[in-house]
Enquirer: 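Okay, handing you the structure first.
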Amino acid sequence: VQLQAFGGGLVQAGGSLRLSCAASGRAFSLYAMGWFRQAPGKEREFVATINQSGGSTAFADSVKGRFTISRDNAKSTMYLQMNSLKPEDTAVYYCAAGRYPISDLSAYAFWGQGTLVTVSS
C-alpha cells in the first residue's frame with residue numbers, strides 16, 4: 001500500500017489542523033493505521049492508532065483529549081484532527097499502515113512521506 005500524508009501547515013497555539021492520509025494499492029481496510037511524529041533532533045514517536053474497522057483507537061498521553069483519529073475505508077483515507085495545538089506539537093507527521101493497531105513503530109510496514117506541522121506560540 002502507498003501512503004500520502006497531507007494537510008500540515010503553520011498554525012497558532014490553540015488552533016486546529018486536520019491531517020489526511022490517502023492510501024492506494026492493496027485494500028486499505030486490511031490495515032491498522034497509525035500517526036507518528038518526529039520533532040527536530042528527536043526520535044520518531046507514536047501519536048495515535050486506529051484498527052481496521054475504525055472501532056478501536058489509542059493515543060499517546062501527550063495528545064489524549066486533543067487529537068482524534070478516524071478513517072473512511074470507502075475513501076481509503078485516514079484523518080488526524082488536532083485541536084488545542086501547542087508549540088510542542090511541532091513536528092513532521094507521518095502516517096503508517098500495519099497489521100496491528102499498536103504504538104510500536106516497528107509494527108508498521110508502510111509509511112507515508114510526512115507532512116510538517118508548525119505551531120507558533
Enquirer: Any link between Leu105 and Val47 through a network of hydrophobic side chains (Ile, Leu, Val, Met, Phe, Trp, Tyr) touching at under 4.5 Å?
Expert: no
Enquirer: Ser106: what forms a side chain to side chain donor-acceptor pair (under 3.5 Å) with it, not counting sequence neighbours?
Expert: Asp104
Enquirer: Under a 4.5 Å side-chain heavy-atom rule over Ile, Leu, Val, Met, Phe, Trp and Tyr, are Ile69 and Trp111 clustered together?
Expert: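 No; tracing contacts between hydrophobic side chains, which count when under 4.5 Å, never links both residues.
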Enquirer: Taking side chain to side chain contact (heavy atoms under 4.5 Å, CB included) as the definition, give me every residue that meets it alongside Thr68, ordered by chain and number, with sequence neighbours left out.
Expert: Gln81
Enquirer: Could you check whether any side-chain N or O of Asn73 sits under 3.5 Å from a backbone N or O of Ser76, counting only pairs where one atom can act as donor and the other as acceptor?
Expert: no
Enquirer: Quick check: closest heavy atoms across Leu17 and Gly7, and the distance to 0.1 Å?
Expert: CD2-O, 3.9 Å
Enquirer: Got a sec, which residues hit side chain to side chain donor-acceptor pair (under 3.5 Å) with Ser16, two or more places apart in sequence or on another chain?
Expert: Asn83
Enquirer: If you look at every heavy atom in Ala107 and Ile102, which pair is closest and at what distance?
Expert: CB-CD1, 3.5 Å
Enquirer: Going by disulfide bond (SG atoms under 2.5 Å apart), name the pairs with one or both residues in residues 60-108, residues two or more places apart or in two chains.
Expert: Cys21-Cys95
Enquirer: Within the distance-only criterion (no hydrogens, no angle test), does the side chain of Asn51 pair as donor or acceptor with the backbone N or O of Ser56 below 3.5 angstrom?
Expert: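 Yes.
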Enquirer: My understanding is that only residues two or more places apart in sequence, or in another chain, count here; which of them pass side chain to side chain contact (heavy atoms under 4.5 Å, CB included) with Thr118?
Expert: Leu10, Thr90, Leu116
Enquirer: Do the side chains of Phe67 and Val11 join up, straight or via other hydrophobic residues, at under 4.5 Å, putting them in one cluster?
Expert: yes
Enquirer: In terms of hydrophobic clustering (I, L, V, M, F, W, Y; side-chain heavy atoms under 4.5 Å; direct or indirect links), are Phe46 and Val117 co-clustered?
Expert: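 Cluster IDs for Phe46 and Val117 differ.
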Enquirer: Donor-acceptor pair, distance only, cut-off 3.5 Å: does the side chain of Gln113 make one with the backbone of Ala5?
Expert: yes
Enquirer: What ring pair (Phe, Tyr, Trp, His ring centres under 6.0 Å) pairs are there with at least one residue in residues 73-109, not counting sequence neighbours?
Expert: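 Those involving residues 73-109 are Phe36-Tyr108.
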Enquirer: Got a donor-acceptor contact below 3.5 angstrom from the Gln52 side chain to the Arg99 backbone?
Expert: yes
Enquirer: Going by side chain to side chain contact (heavy atoms under 4.5 Å, CB included), name the residues that satisfy it together with Arg66, two or more places apart in sequence or in a different chain.
Expert: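 Applying side chain to side chain contact (heavy atoms under 4.5 Å, CB included) to Arg66 gives Val63, Ser84, Lys86, Asp89.
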Enquirer: For residues 29-94, which residue pairs pass the disulfide bond (SG atoms under 2.5 Å apart) check, not counting sequence neighbours?
Expert: none
Enquirer: Listing request: all salt bridge (Lys or Arg N to Asp or Glu O under 4.0 Å) pairs with a residue in residues 38-48, at least two apart in sequence or in separate chains.
Expert: Arg37-Glu45
Enquirer: Taking side-chain hydrogen bond (donor to acceptor under 3.5 Å, both in side chains) as the cut-off, I'd like each qualifying pair that reaches into residues 27-36, sequence neighbours left out, listed once.
Expert: none
Enquirer: Would you give the length of the straight line joining atom OG of Ser121 to atom CD of Glu88, rounded to the nearest 0.5 angstrom?
Expert: 10.0 Å
Enquirer: Do Ile50 and Val1 sit in one hydrophobic cluster, given that two such residues count as connected whenever their side-chain heavy atoms are within less than 4.5 Å of each other, even indirectly?
Expert: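 Linked within one cluster.
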Enquirer: Could you tell me which non-hydrogen atom of Leu85 sits nearest to which non-hydrogen atom of Met82, and how far apart they are?
Expert: CD2-CB, 3.8 Å
